[in-house]
Protein chains: 2
Amino acid sequence: MATIRDVSKLANVSVATVSRVINQSGYVNEVTEKAVRQAMETLSYVPSDMARSLAGKKSATIALIVPDILNPFFPELARAVEDAAHQLGYTVILCNSDHDPEKERNYFGMLKNKRIDGIIVASYTIHPQQLLELQRQSIAAVVIDNHFPSHPILALQSKNREGAVMAVRHLLDRGCTTIAHISGPLEILPSRERLLGYELVMREHGMFAPSLIAEGDFHVEGGYRAMQELLKLHPDIDGVFAGNDLMAIGALKALYIAGKAVPQDVKLIGFDGIALATVVPELSTIAQPIAEMGKLATHYLMRQIRNEPVECKTHELDVRLLVRQSTTD
Amino acid sequence: MATIRDVSKLANVSVATVSRVINQSGYVNEVTEKAVRQAMETLSYVPSDMARSLAGKKSATIALIVPDILNPFFPELARAVEDAAHQLGYTVILCNSDHDPEKERNYFGMLKNKRIDGIIVASYTIHPQQLLELQRQSIAAVVIDNHFPSHPILALQSKNREGAVMAVRHLLDRGCTTIAHISGPLEILPSRERLLGYELVMREHGMFAPSLIAEGDFHVEGGYRAMQELLKLHPDIDGVFAGNDLMAIGALKALYIAGKAVPQDVKLIGFDGIALATVVPELSTIAQPIAEMGKLATHYLMRQIRNEPVECKTHELDVRLLVRQSTTD
DNA sequence: TTGAAAGCGGTACCAA
DNA sequence: TTGGTACCGCTTTCAA
């Protein structure tokens, strides 16, 4: 591999000059520049990211921290982030936090050490202090699906509450009168927001009852169990709003086994809009703009990295109601 | 952040000595070592990966190239790779190749440049030359789901043909007599292997007919279309072996729409054993040990990185038949 | 057993 | 506009 020195020799200039044309910084004569570029070309020279980052520049690497890439929501996010990053010449390090603060700290250490330029955090367990700490080390950070209103941290979030409202209203429109909710883990902010949206509409219609709510785990299994419990308490349930699509799938299974036909007996709607909601019957859902979130997060991150002005607030994204078979007779 | 020089000063030794204790290389007096460790401790010193890799050591980073992390097979693989790597102090860069040779080359360039220690390639479009080229730059490589018998490249593969045989035999056992196959893209090796396994058994039983085979794309959509075509030609199909689970889900939808009950009218089996085959009815499948593949690949890669002896051949992994609802009355 | 010093491949400041 | 050169933080001969 050719080095900057090889280039400088071939072009008969100093390394400083070569560095200048590489970075388009400082003055450099057109003729000289041409010569340098020529030399780079013939040596098929590529500056070493390693060396650049050591010398204080950026590493052209960002990290994406997700709870678990196995959850189908995150591959979609990862894909969008990776695409956007790659387009900008960045490389993405993937981290699975498993909601484990210990593991998270561990990652943060590794990443700091690697002089990562920035981090996108889609893990619910981080503490705002950790992000601020990063920023102090001039590592940019963007948070997804969480927010820290009292800290200068850029966050991205779907309109969870509004989405929940849309979901429940949709079930009401379809004629449901006994609507249950399978919530996500309540220590997770979006779960609480969705629950709140549900509660809001139910109270509006005088239909609210705590026993219509069961807490799941954002996984198929938890949705399944929650649905079973709910059916035990309320065999007359005719509408279910699940806090995410995976739990909706679990609920679907439970309903199927209980002999309830979807959507004839029970209408079911999820949240997220993950691609694999391609089950039979197809799942109605509140779709988050996952890909857009990833793209936006990456762009905001880049802005921070380049010290361009960005508002460090929570940016909210619109969700859409996707009506499919599970709520349509 | 403390540097090696800070440590050396505090411990009253040279940086060389500190380096020695860090790397456990060369001789160093016990007392001195203790002092150095003490100093590292009090400064909570962590050596910079950047600097180390620049100085010629390893970057403690590997890359995983997949066609598309959106395909549920790959998150499982990625998760296993990341876990194994993380445990060994390595960081994983994720790349989506999209089967695009151009993009692949691009990634290879970036990765070489970043002095990545090794690459796990689960992309079907790479050329063996590219891998050899890497090895020449002393970047380790392991290939998944592909193999290059005539090159010294370490590969990992499931027993695709055997798996296909198991699948078809299972359908026969269940009493199927008209068994169709939805194959993956035939330019992909595992697709061909699975097709071969299917063909083998069908011929054995004098049931083979080319029109019972339709080519899909490894995605839900392609499985759906292929199933529709097959039904047109053979309304009497009573068994389907799909080349992967996603296509099986597509087939399931097509069957459902065509009014065929699964498993009563048609028995259906997939391949891969991805977690989200949790549709209703649950899909029978030939499960690949995806997590194990990821783990093994990572370990083999590490071996190569550390110049430990490894056989650069294709290692084959066993698959298992998972009987679930889609083939059980 | 230890230390001095020459890189690794760049960046950037200061002179020329 | 250019070039010289001192780093960035660590590894690794080579001598002492």
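Please read these numbers as outputs of a predicted model, since none were measured by experiment. Lettering of chains follows the sequences in order, A, B, ..., and the numbering in each one begins at 1.
- No contact: A/Val31 has no heavy atom under 4.0 Å from any strand.
- The pair B/Arg79-A/Asp98 counts as a salt bridge, with a side-chain nitrogen and a carboxylate oxygen less than 4.0 angstrom apart.
- Between B/Arg52 atom CZ and C/dG9 atom C1' there is a gap of 18 Å when expressed in whole angstrom units.
- With C/dG10, D/dG3, D/dT2 as the choices, the nucleotide that has an atom nearest any side-chain atom of A/Val13 turns out to be D/dG3.
- The shortest distance between the side-chain N/O atoms of B/Thr32 and the OP1/OP2 oxygens of C/dT1 is not below 4.0 Å.
- Side chains of B/Arg52 and A/Asn113: a donor-acceptor N/O pair is absent below 3.5 angstrom, by distance only.
- Which of D/dT11, C/dA12, C/dG10 sits closest to the side chain of B/Ser19 comes down to D/dT11.
- Taking every heavy atom of both residues into account, A/Ile144 and A/Ala297 meet most closely at CD1-CB, 3.8 Å.
- When the P atom of D/dT11 is taken as reference, atom CD1 of B/Ile22 falls 5 Å away, rounded to whole Å.
- Residue B/Asp318 holds its CG atom at 8.5 Å from CD of B/Glu292, rounded to the nearest 0.5 Å.
- Here C/dG3 is the nucleotide among C/dG10, C/dG3, D/dG9 with the atom lying nearest to any side-chain atom of B/Thr17.
- In terms of polar N and O atoms assigned as donor or acceptor, the side chain of A/Arg115 never comes within less than 3.5 Å of the base of D/dG9 in a complementary pairing.
- If you measure from atom NZ of B/Lys9 to atom C1' of C/dG3, you get 15 Å, rounded to the nearest angstrom.
- Residue B/Leu54 places its side chain closer to D/dG9 than to any other of C/dA5, C/dT1, D/dG9.
- Taking atom CD of residue B/Glu30 and atom P of nucleotide C/dT2, one finds them 11 Å apart after rounding to whole Å.
- Counting only heavy atoms from C-beta on, B/Arg5 has its side chain closest to D/dG9 among D/dG9, C/dG10, D/dT1.
- Rounded to whole angstrom, the span from the CD atom of B/Gln24 across to the P atom of D/dT11 amounts to 12 Å.
- A salt bridge between A/Arg37 and A/Glu41 is absent, with no side-chain N of the basic residue lying under 4.0 Å from a carboxylate O of the acidic one.
- Using a 4.0 Å heavy-atom distance criterion, B/Asn113 is classed as making no nucleic acid contact.
- For B/Ala51, the listed nucleotide lying nearest its side chain is D/dC10; candidates were D/dG3, C/dT11, D/dC10.
- Side-chain nitrogen and oxygen atoms of B/Tyr27 include none within less than 4.0 Å of the OP1 or OP2 phosphate oxygen of C/dG3.
- Looking only at atom types and distance, the side chain of A/Glu133 has a donor-acceptor partner in the side chain of A/Gln137 under 3.5 Å away.
- Listed candidates were C/dA4, D/dC10, C/dG9. Nearest to the side chain of B/Ser14 is C/dA4.
- For B/Ala16, taking side-chain heavy atoms from C-beta onward, the closest of the listed nucleotides D/dC10, C/dG3, C/dG10 is C/dG3.
- In this structure, CG of B/Leu43 is placed 14 Å from P of D/dG9, rounded to the nearest angstrom.
- Between B/Glu33 atom CD and C/dT1 atom P the separation is 11 Å, expressed in whole Å.
- For B/Ala55, counting side-chain heavy atoms from C-beta on, the closest listed nucleotide (C/dT11, C/dT2, D/dT11) is D/dT11.
- Residue B/Lys112 contributes atom NZ, which lies 18 Å from atom C1' of C/dG9 at whole-angstrom precision.
- Set against C/dT2, C/dG10, D/dT2, the side chain of A/Arg20 has D/dT2 as its closest nucleotide.
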